[in-house]
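First up is the structure itself, then whatever we jot down about it.
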Amino acid sequence: MLRVRHYADIIAILAGLMWILFYWSISVSARIDSIEPTLAALLALGAMILVSFLHRPFRVYLSRYHVRKRRTEMWMHILALPITLSLLVGMLIEILIAPMGGPQKLLLFNVLATAGWLVYVMTLVFKSFHHQWRRRRSHNST
């Protein structure tokens with residue numbers, strides 16, 4: 001069970017990193033006024049999705065419950081929470097300081113999504129240490 005949990009965590013972390021890099025590529029493309037970074041990120045994203053759908057062992061592994069559960073938790077950290085927070089923080093910034101343009105709003109979302117992904121990774125690391133500590137403690141007591 002620990003091994004399945006470990007692999008599910010790694011897959012979710014890498015999927016989150018892949019999406020975070022895609023979000024940042026959009027921000028970089030808006031900043032330099034060129035579409036190449038986004039196209040490169042889309043190509044890498046498409047290649048990873050294609051491999052995960054065509055390679056049967058990987059496809060079977062990704063369909064397991066633990067991987068789906070971890071990926072859902074990852075989406076909550078890098079998409080649902082940052083969208084809500086960037087909306088609220090963006091409204092506060094526009095009301096209190098100055099109006100924000102599209103690239104600034106996207107940058108705010110990217111910063112919050114990256115922070116959410118880092119919180120997710122740290123949570124998984126702490127959970128892993130906690131499970132290992134509990135397992136060692138139960139083995140030592142028997």
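These numbers were taken from a predicted model, which means no experiment stands behind them. One-based numbering along the sequence shown.
By the 4.5 Å heavy-atom criterion applied to side chains, His77 and Val119 are counted as neighbours. No side-chain heavy atom of Met18 sits under 4.5 Å from any side-chain heavy atom of Leu14. Using a 4.5 Å cut-off on side-chain heavy atoms (C-beta onward), Leu107 and Trp24 make contact. For the pair Phe109 and Ile83, the minimum side-chain heavy-atom distance is below 4.5 Å. Trp117 is not listed as a side-chain neighbour of Leu79, based on a closest heavy-atom distance of 4.5 Å or more. When side chains are defined from C-beta on, Met76 does not count as touching Leu81, because their heavy atoms never get closer than 4.5 Å. When side chains are defined from C-beta on, Glu94 counts as touching Lys105, because their heavy atoms get closer than 4.5 Å.
With hydrogens and angles ignored, the 3.5 Å screen pairs no side-chain donor or acceptor of Gln132 with any backbone N or O of Phe129. No donor-acceptor pair closer than 3.5 Å links the side chain of Ser27 to the backbone N or O of Tyr23. A donor-acceptor distance shorter than 3.5 angstrom exists from the side chain of Ser29 to the backbone of Thr38, with no hydrogens or angles considered.
Across all non-hydrogen atoms, the minimal contact from Gln104 to Gly101 is OE1-N, 2.9 Å. Between Ser25 and Pro37 the shortest heavy-atom distance is CB-O, 3.6 Å.
Taking NE2 of His130 as the start and CZ of Arg137 as the end, the distance is 9.0 Å to the nearest 0.5 Å. Rounded to the nearest 0.5 Å, atoms OG1 (Thr114) and CG (Leu17) are 9.5 Å apart. In this structure, CG on Leu124 lies 10.0 Å from CE on Met122, to the nearest 0.5 angstrom. In this structure, CE on Met100 lies 8.5 Å from OG on Ser86, to the nearest 0.5 angstrom. Summarising the geometry, atom CD1 belonging to Ile35 is positioned 8.5 Å from atom CG belonging to Leu42; distances are rounded to the nearest 0.5 Å. Between the CD1 atom in Ile10 and the OG atom in Ser128 there is a gap of 9.0 Å [rounded to 0.5 Å].
Ile26 and Val111 fall within a single hydrophobic cluster, where Ile, Leu, Val, Met, Phe, Trp and Tyr are joined by side-chain heavy atoms under 4.5 Å apart, directly or via other members. Residues Leu106 and Ile93 are members of separate hydrophobic clusters, defined by side-chain heavy-atom contacts under 4.5 angstrom among Ile, Leu, Val, Met, Phe, Trp and Tyr. Under a hydrophobic-cluster definition in which Ile, Leu, Val, Met, Phe, Trp and Tyr are linked whenever side-chain heavy atoms come within less than 4.5 Å, directly or via other members, Leu118 and Met74 are assigned to the same cluster.
Ring planes of Phe22 and Trp19: perpendicular class, angle over 60° (limits at 30 and 60°).
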